[in-house]
Structure formats: structure tokens, C-alpha cells
Amino acid sequence: MPSLAPRPDLDSLPKYVPGRTIEGAVKLASNEVPGGPLPSVQAAITAAVTGVNRYPDNGSQALRERLSRRLDVPAERLAIGCGSVSLCQQMIQALCGPGDEVLFGWRSFEAYPIVVQVALATGVKVPLTPEHGLDLDAMLARITDRTKLVFVCNPNNPTGTVLHRDEIERFLEAVPPHVLVVLDEAYKEFVTDPEVPDGVEFTRTHSNVAVLRTFSKAYGLAGLRVGYAVAPEPIAQALQQVYVAFSVNSIAQVAAIASLDAEDELLARCREIISERTRVRDALLEMGYEIPPTQANFVWFPLGDATAAFAEHMLDRKLIVRPFPGEGARVTIGTPEENDLFLAAAKEFQAI
């Protein structure tokens, strides 16, 4: 009699590697904002605690209505999920069966190949350009009759590079209508380049475009896990069908609404991070590092084989960065004091 065992293909499942947390060390590995929830959001969270004996609204109706007004999108085209990564998985579950293909640039968000394989779909990795950006022409060339979904991460994680409006428009015009293009905009709030479009606008003109956003990054709610999708109505409904009931808790819903109500404070904090991003990248370029232009809250070091040594050097100095062995390291923009510590360590490494 066969013994009880999990799916055999799980042995080959790529492992999601979260940023490490070490007591006393500066964590620049997970693209969190250093400030935490805004004060008004903290107050809303505190007030919401008294109601956690009740199940949350399974449809996140109040949050969907608030997003509907903010984005000028019908609530029926909005879906809420347990962070944008959960929505990535829901997208694949809703659209793909065994053998269907999901395209994405590589390297890009490391959860893509994981959620694809879990759904028994086939992931197709398309190499980045020499400038560390997504190669839309190469992605287009890899689309087949089996392709159901294409993830386009803009800004791209972990490289921070972006696609401009004209590039995306040309791509969308060429993508077959049976393929859903998912614009993953987890870092949208940090974008200052006027040529980078708001992906929601494409959902108004194309019936096969969806957008993912999250409250984990700029809004400082990474620990509460809430994100949203703007999608064609049939897709948004399908996302709700595969949604794990009550997975977006009541405190997360309240905190997300309060964050949307504190937009001015949020944008001021984002401007501070953007200013530090410029300062850090300029300093690294002066040291001789190759750092691609970034529109996210992190910088990318394409260090290749030196990546592991770089990460260990930082760890020895109580600085945690996010290495991708053999490829490069991603470093989150922290407070000015944290960034100064990192820059000093980076200068030391350059001198080795």
C-alpha cells in the first residue's frame, strides 16, 4: 500500500526566500518602508481591534467602494486579496489549467514561478534586456496558443527598471485577445518618471488587461497583507470565486481604507524615500558601481558571482540585503541614517 505523501513535484518547487530578520541588524532586504503605518492609520487599527471577534467582510465591500471612488472604476471590476502575491496566484487559478502557459520576465518577482507551478501551469521565463529591463519584444515572441497570462512587473522587482507608455501600448496592441496581461504595479507610488503610465488607464481601453497593486509597500501595511486588482469584470468575479474565504482580515480592510484617506501624508513620505533613492544611487555611481536607474524603493546591484560575498560583507556589518546568488543584490532604501551605514559598507566592499 502506498504511503501518504505530498505531491511529488513539490520537491522541485522554487523556494520563496523572504528577507532575513536579525535582531540588532538594519534590514534592507524586503522593500518595506521604514516608517510603519501613518499615525491616523495606527489609530484606525487600534479602534478596529475591538471587533476581531467577528468574521471580516468576505467581499471587502467598503474597501472596494473606497477604491472605486478613488480610481473611478466600477466596484464590480475590483477584487481584494491577501496582498498582491495572493492575487497573482488567484489569477492563475482562475485562468489556467494544467499545461497552460504563464509568461514573465526573469529575473522578476520571485513568486511568479512558485504560484505558476502550484497551479500546475507552465512558467515561461523570458530573459531581461542587457539594461536589466523587461524585454517586451522577446515576451511577445514567446506567446503561443497555450499562453493564458503574462505578468509585466512595472517597476520591475528586483531591478527597479520601468517600461514607458509607448512600449506598453505597442505590446498591448500586439498581444492576442485570449491572453490576459497583468500589470504588476506594487511600487507605483514611488514612480516619478512621467513616461511611466498608470496601468489602470489601460484597463479602460483593453479587455485583456488587469492591474495589481498592494498596500504592503508605500502604505506600510506589509504585516497586514492586503492588495487589490483592477480587472475586466468577468476576471474580477473569477478572482473572488477562487479567493480563500475571510483571508483579508477586518483590521487589514480598515487600515487600507484609512491609508487611502491619508493620501497627502503618504505622498509626502514617498517623496522622502524618492529623495533618498536619488542620493543613494548617485553615491553608488560615484563609487563605480553599476546601478540601473530605478523607480522603486530599492536599488539593484548586478554583481554576478560577487553577489554572495557582497551580502556577507553587509551582514558582517549588521546590514541585511537581498542577494540573488550569481545574479545580483537588491537593497531597500531605508532611513537616511540606515542609508549612510549602507553606503559606508558599500564603499568598503568596493575597495576590497
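Computed from a predicted structure; not experimentally measured.
Between the Arg64 side chain and the Ala75 main chain, a donor and an acceptor come within less than 3.5 Å of each other. Using modelled atom types, one side-chain atom of Thr46 and one backbone atom of Gln42 make a donor-acceptor pair closer than 3.5 Å. Formation of a donor-acceptor pair under 3.5 Å by the Arg269 side chain with backbone atoms of Ala218 is found in this model. When atom types are taken as modelled, the side chain of Thr335 and the backbone of Glu338 share a donor-acceptor pair closer than 3.5 angstrom. Without hydrogens or angle criteria, Ser68 side chain to Val73 main chain gives a donor-acceptor distance under 3.5 Å. A side-chain donor-acceptor contact under 3.5 Å links Gln90 to the backbone of Leu239. Formation of a donor-acceptor pair under 3.5 Å by the Glu185 side chain with backbone atoms of Gly199 is found in this model. Thr159 places a side-chain N or O within donor-acceptor distance of the main-chain N or O of His132, the cut-off being under 3.5 Å. Arg107 contributes no side-chain N or O that, together with a main-chain N or O of Pro158, makes up a donor-acceptor pair within less than 3.5 Å. A distance-only check finds no donor-acceptor pair linking the side chain of Ser250 to the backbone of Pro56 [under 3.5 Å].
Around atom CZ of Arg54, no more than 12 heavy atoms belonging to other residues, nucleotides or ligands sit under 6.0 Å away.
When every heavy atom of Val209 is checked against every heavy atom of Thr203, the shortest pair comes out as O-CG2, 3.7 Å. Among all heavy-atom pairs drawn from Tyr112 and Cys153, the shortest one is OH-CB, 3.6 Å. Heavy-atom minimum distance, Ser259 versus Val41: OG-CG2, 3.5 Å. Counting all heavy atoms, side chain and backbone alike, Thr122 lies closest to Val116 at C-CG1, 3.6 Å. Here the closest non-hydrogen pair linking Asp57 and Gln253 is O-NE2, 3.1 Å. Between Thr332 and Ser30 the shortest heavy-atom distance is OG1-N, 3.6 Å.
Of the listed residues (Asn154, Val152, Val126), just one forms a side-chain contact (heavy atoms from CB on, under 4.5 Å) with Leu134, and that residue is Val152.
Phe109 and Phe104 have their aromatic ring centers separated by at least 6.0 angstrom.
Residues in residues 17-66 take part in these ring-ring contact (aromatic ring centres under 6.0 Å, His included) pairs, two or more places apart or across chains: Tyr55-Phe246. Within the structure, every pair that satisfies the side-chain hydrogen bond (donor to acceptor under 3.5 Å, both in side chains) test and touches residues 292-310, not counting sequence neighbours, is listed here: Thr192-Gln295.
Put simply, CD on Glu167 and CG on Asp135 are 10.0 Å apart, with the number rounded to the nearest 0.5 Å. With values rounded to the nearest 0.5 angstrom, Ser60 atom OG is found 8.5 Å from Ile257 atom CD1. Remark: Tyr219 OH to Leu224 CG distance equals 14.5 Å, nearest 0.5 Å. Note that CG of Leu212 is 6.0 Å distant from CG of Leu87, once rounded to the nearest 0.5 Å. Rounded to the nearest 0.5 Å, atoms CG (Asn31) and CD1 (Ile333) are 9.5 Å apart. How far CG of Asn58 is from CD of Gln240: 7.5 Å, rounded to the nearest 0.5 Å.
A continuous path of Ile, Leu, Val, Met, Phe, Trp and Tyr side chains, each step under 4.5 Å between heavy atoms, connects Leu95 with Val85, placing both in one hydrophobic cluster. Under the 4.5 Å side-chain heavy-atom criterion for grouping Ile, Leu, Val, Met, Phe, Trp and Tyr, Phe298 is connected to Phe349 within one hydrophobic cluster. In the hydrophobic clustering of this structure, Val211 does not group with Val191; members are Ile, Leu, Val, Met, Phe, Trp, Tyr whose side-chain heavy atoms approach within less than 4.5 Å, directly or through other members. Neither Tyr243 nor Val118 shares a network with the other; the hydrophobic side chains, linked directly or stepwise wherever heavy atoms of I, L, V, M, F, W or Y lie under 4.5 Å apart, form separate groups for each. In this structure, Val244 is not a member of the same hydrophobic cluster as Met91, with clusters built from ILVMFWY side-chain heavy atoms closer than 4.5 Å.
Annotation: side chain of Lys125 is in contact with side chain of Pro113 (closest heavy-atom distance under 4.5 Å). Two residues are said to be in side-chain contact when any heavy atoms from C-beta on lie closer than 4.5 Å; Glu173 and Glu169 fail this criterion. Side-chain contact between Val124 and Thr147 is absent, with no heavy-atom pair separated by less than 4.5 Å. Looking at heavy atoms from C-beta onward, Ile168 lies in side-chain contact with Pro197 at the 4.5 angstrom threshold. Contact check for Val196 versus Leu163: no side-chain heavy atoms found under the 4.5 Å cut-off. Side chains of Val254 and Leu63 form no contact here, defined as non-hydrogen atoms less than 4.5 Å apart. Annotation: side chain of Asn156 is not in contact with side chain of Val162 (no heavy-atom distance under 4.5 Å). Side-chain contact check for Ile235 versus Pro232: some heavy-atom pair is nearer than 4.5 Å.
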Let me have the donor-acceptor pairs involving side chains of residues 308-316, under 3.5 Å, with sequence neighbours excluded, atom names and distances please.
from: His313; atom 1: ND1; to: Arg317; atom 2: NH1; distance (Å): 3.3
from: His313; atom 1: NE2; to: Ala345; atom 2: O; distance (Å): 2.8

Show the atom names and distances, to 0.1 Å, of all donor-acceptor pairs under 3.5 Å that link a side chain in residues 137-145 to residues at least two apart or in another chain.
from: Thr144; atom 1: OG1; to: Glu101; atom 2: OE1; distance (Å): 3.0
from: Thr144; atom 1: OG1; to: Arg146; atom 2: N; distance (Å): 3.1

Taking it one step at a time, do Glu233 and Gln237 satisfy side chain to side chain donor-acceptor pair (under 3.5 Å)? CA-CA 6 Å; Glu233 186 173 341; Gln237 291 177 351; 3.2 Å; yes
Walk me through it: do Leu343 and Val280 pass the test side-chain contact (heavy atoms from CB on, under 4.5 Å)? CA-CA 7 Å; Leu343 289 173; Val280 168; 4.1 Å; yes
With side-chain contact (heavy atoms from CB on, under 4.5 Å) as the criterion, how do Cys96 and Val102 come out once you've worked through the C-alpha distance, each side chain's angles and the decisive distance to 0.1 Å? CA-CA 8 Å; Cys96 300; Val102 178; 3.7 Å; yes
Evaluate side-chain contact (heavy atoms from CB on, under 4.5 Å) for Phe151 paired with Cys88, printing each intermediate quantity in order. CA-CA 9 Å; Phe151 283 115; Cys88 288; 3.9 Å; yes
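A salt bridge links Glu32 with Lys27: at least one charged nitrogen is closer than 4.0 Å to a carboxylate oxygen. For the pair Glu276 and Arg279, the salt-bridge criterion is met [side-chain N within less than 4.0 Å of a carboxylate O]. Salt-bridge formation is not detected for the pair Arg204/Asp198: no Lys NZ or Arg NE/NH1/NH2 atom is positioned less than 4.0 Å from an Asp or Glu carboxylate oxygen.
Judged by the 6.0 Å distance and 45° axis criteria, Arg322 is positioned over the aromatic ring of Phe324. Both tests do not hold together for Arg213 against Tyr228: distance to the six-membered ring centre under 6.0 Å, angle to the ring axis within 45°.
Qualifying side chain to side chain donor-acceptor pair (under 3.5 Å) partners for Lys148, counting only residues two or more places apart in sequence or in other chains: Asp100. In this structure, Glu272 has no side chain to side chain donor-acceptor pair (under 3.5 Å) partners at least two apart in sequence or on a different chain.
Using cut-offs of 30° and 60° for the angle between ring planes, the Phe190 and Tyr187 rings count as tilted.
Side chain to side chain, Ser216 and Arg225 meet the donor-acceptor criterion of an N or O pair below 3.5 Å.
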